[in-house]
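Computed from a predicted structure; not experimentally measured. In this chain, numbering begins with 1 at the start of the sequence shown.
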Amino acid sequence: MPSLQASLHPLAATDEQHRTLARIGVPAFDDVLVTNGLPLLATGRIDQLQVNVGKLCNQTCAHCHVDAGPDRREAMSRETAVKVIELLRRHDIATLDITGGAPELNSEFRFLVDEAAKLGRRIIDRCNLTVLLLKGQSDLVAYLAERGVEVTASLPSFRRTGTDAQRGDGVFEKSIAALRKLNAVGYGKGTGLVLDLIHNPVGAFLPGKQSSLERDYRRELGSRFGIVFDHLHAITNMPISRFLEFLERTGNTERYMDLLVRSFNPVAAGGVMCRTYLSVGWDGTLYDCDFNQMLALPVDHGAPRTLDSLLAGNDLSRRVRTGLHCFGCTAGAGSSCGGSLE
């Protein structure tokens, strides 16, 4: 399956995604914050630098908010990667969170990992699992383990049908094989090598209760495949890119957005990840989160918009730029790259 961009789909354009959501007529996110007596979102201490190194991926998943795939060529350069490390060197940001695409396929992935490890940072690899089985990545599991990199791995369902429906035929079987490789070197076994799994719904609905899902995943993956892991994170599907295309194609956009707005949770709004994250694009542009990045919404309200300008000034504080998609992070139990917010 080609990416939206490769297939010349109208929703490959971020402007069209914004227009599609705006046509529904839901209230502005900031207005809902004010109505609920909440302050507009602004950063506090930045403790996580999330770096999207590009859109190249060995999979083309139906829900992907990045529109990643084998046909994408956007990729972080060494010049930009050096600036990322310089930002970490200057600021006490505890965690480097590397994502994509399949971040491991980027030529600068190991440079970022090695340099961040030298700085003593916690490092997260957001992994699609099947990349661990590629011929050119035969040493990747050992490489990650040697550097203590935490693996946060996508597995939408513990059932073959659910995972393959979202990520492609045969992906579930390959994912199990990859998880076994990770377990074999100590990941998920309480050795300090952290293996977390990501669940997101296979459809236009909110995820179930995270603690219940985690119990189900442990039981099913353990009893059927002998797989162990540390934590499960339940993440809401964002109404952007390929998932928005799915909503439009199935006539569910208005119903899904209504669900997100009706499920607004003030407690979750207080814990959204953009208050403690800074997102860096493959070209060095700065965003409040990876979702804003994929909607071409760079930081605003006077904040530095590039790594160059941020390094020139060094001020990490900013007001957060919001949009209609933000209701995805505040619906129900809330959603972030670290799972539910309650």
Side-chain angles (χ1 to χ4, degrees), residues 47-54 56-59 68 75-76 78 81 84-85 88-89 93-156 158 163 167 171-199 214 217-218 220-233 235 280 290 337-339:
D47 58 22
Q48 197 139 327
L49 185 66
Q50 187 169 70
V51 177
N52 192 305
V53 295
L56 175 65
C57 189
N58 60 306
Q59 297 180 176
M76 181 170 285
R78 172 59 60 91
V84 168
I85 297 303
L88 286 175
R89 185 174 288 112
I93 302 174
T95 301
L96 175 64
D97 182 337
I98 311 176
T99 188
E104 305 88 349
L105 298 180
N106 182 271
S107 61
E108 304 309 316
F109 173 78
R110 299 195 186 202
F111 170 80
L112 288 169
V113 169
D114 288 341
E115 295 302 310
K118 291 175 186 176
L119 295 174
R121 299 301 196 265
R122 174 191 178 212
I123 305 167
I124 299 173
D125 172 24
R126 294 196 177 269
C127 180
N128 69 15
L129 289 175
T130 63
V131 71
L132 302 178
L133 305 181
L134 297 180
K135 290 182 179 179
Q137 302 293 334
S138 59
D139 68 332
L140 182 55
V141 170
Y143 171 84
L144 296 172
E146 288 168 3
R147 287 151 184 81
V149 176
E150 297 183 20
V151 175
T152 297
S154 300
L155 190 69
F158 52 74
T163 292
R167 304 182 75 82
V171 168
F172 181 80
E173 183 178 349
K174 292 176 182 178
S175 296
I176 293 300
L179 287 169
R180 284 174 168 154
K181 290 188 68 171
L182 289 166
N183 280 172
V185 298
Y187 273 99
K189 294 186 172 181
T191 62
L193 294 175
V194 176
L195 172 60
D196 291 344
L197 301 183
I198 296 286
H199 159 84
E214 184 173 291
Y217 268 70
R218 287 194 193 283
E220 295 297 320
L221 294 179
S223 63
R224 293 163 56 199
F225 307 106
I227 299 295
V228 294
F229 61 93
D230 290 291
H231 309 98
L232 179 85
H233 304 314
I235 296 182
V280 181
D290 201 52
C337 288

Within the structure provided, determine whether [X] and [Y] are in side-chain contact (heavy-atom separation under 4.5 Å).
X    : Y    : result
I123 : T95  : no
L221 : I176 : yes
V149 : V113 : yes
V84  : L49  : yes
R167 : S154 : yes
T152 : D125 : no
L96  : I124 : no
E214 : H231 : yes

Indicate the atoms forming the closest heavy-atom contact of [X] with [Y], along with that distance.
X    : Y    : value
Y187 : A145 : OH-N, 3.4 Å
V53  : P103 : CG2-CA, 3.6 Å
V185 : L193 : O-CD1, 3.4 Å
S175 : L129 : CB-CD1, 3.7 Å
N106 : A75  : ND2-CB, 3.5 Å
S138 : K181 : O-NZ, 4.3 Å

Exercise. Distance only, no hydrogens: is a donor on one side chain within 3.5 Å (strictly under) of an acceptor on the other, for N58 and T130?
Worked result: yes
For this session: Verify the distance criterion only: is there a donor paired with an acceptor across the side chains of Y143 and D114 at less than 3.5 Å?
Result: yes
Polar side-chain atom of [X] near backbone of [Y] as donor-acceptor pair, under 3.5 Å:
X    : Y    : value
N128 : A102 : no
R121 : L119 : yes
R126 : N52  : no
R78  : S107 : no
Q137 : L132 : no
H233 : I198 : no
Y217 : L155 : yes

Seminar exercise, completed: Of L195, V228, L182, the one forming a side chain to side chain contact (heavy atoms under 4.5 Å, CB included) with K189 is V228
As an exercise, state the distance from [atom1] of [X] to [atom2] of [Y], rounded to the nearest 0.5 Å.
X    : Y    : atom1 : atom2 : answer
T163 : K174 : OG1   : NZ    : 13.5 Å
R224 : F158 : CZ    : CZ    : 7.5 Å
R180 : I227 : CZ    : CD1   : 5.5 Å

For this session: Run the salt-bridge test on D47 and R122 with the 4.0 Å N-O cut-off and return the result as yes or no.
Result: no
Problem set entry | Residue E220 excluded, over 12 heavy atoms near CD under 6.0 Å | yes
Exercise. Is the ring centre of F225 less than 6.0 Å from the ring centre of F172?
Worked result: yes
Exercise. Which is it for R110 and D139 under the salt bridge (Lys or Arg N to Asp or Glu O under 4.0 Å) test, yes or no, and what are the steps along the way?
Worked result: CA-CA 12 Å; R110 299 195 186 202; D139 68 332; 3.0 Å; yes
Problem set entry | Worked verdict on V51 versus T99 for side chain to side chain contact (heavy atoms under 4.5 Å, CB included) | CA-CA 6 Å; V51 177; T99 188; over 6 Å; no
Problem set entry | Test side chain to side chain contact (heavy atoms under 4.5 Å, CB included) applied to D230 and L197, step by step | CA-CA 8 Å; D230 290 291; L197 301 183; over 6 Å; no
Problem set entry | side chain to side chain contact (heavy atoms under 4.5 Å, CB included) evaluation trace for L232 with F229 | CA-CA 8 Å; L232 179 85; F229 61 93; 4.1 Å; yes
Seminar exercise, completed: Sorted by chain and residue number, the salt bridge (Lys or Arg N to Asp or Glu O under 4.0 Å) partners of E104 (sequence neighbours excluded) come out as none
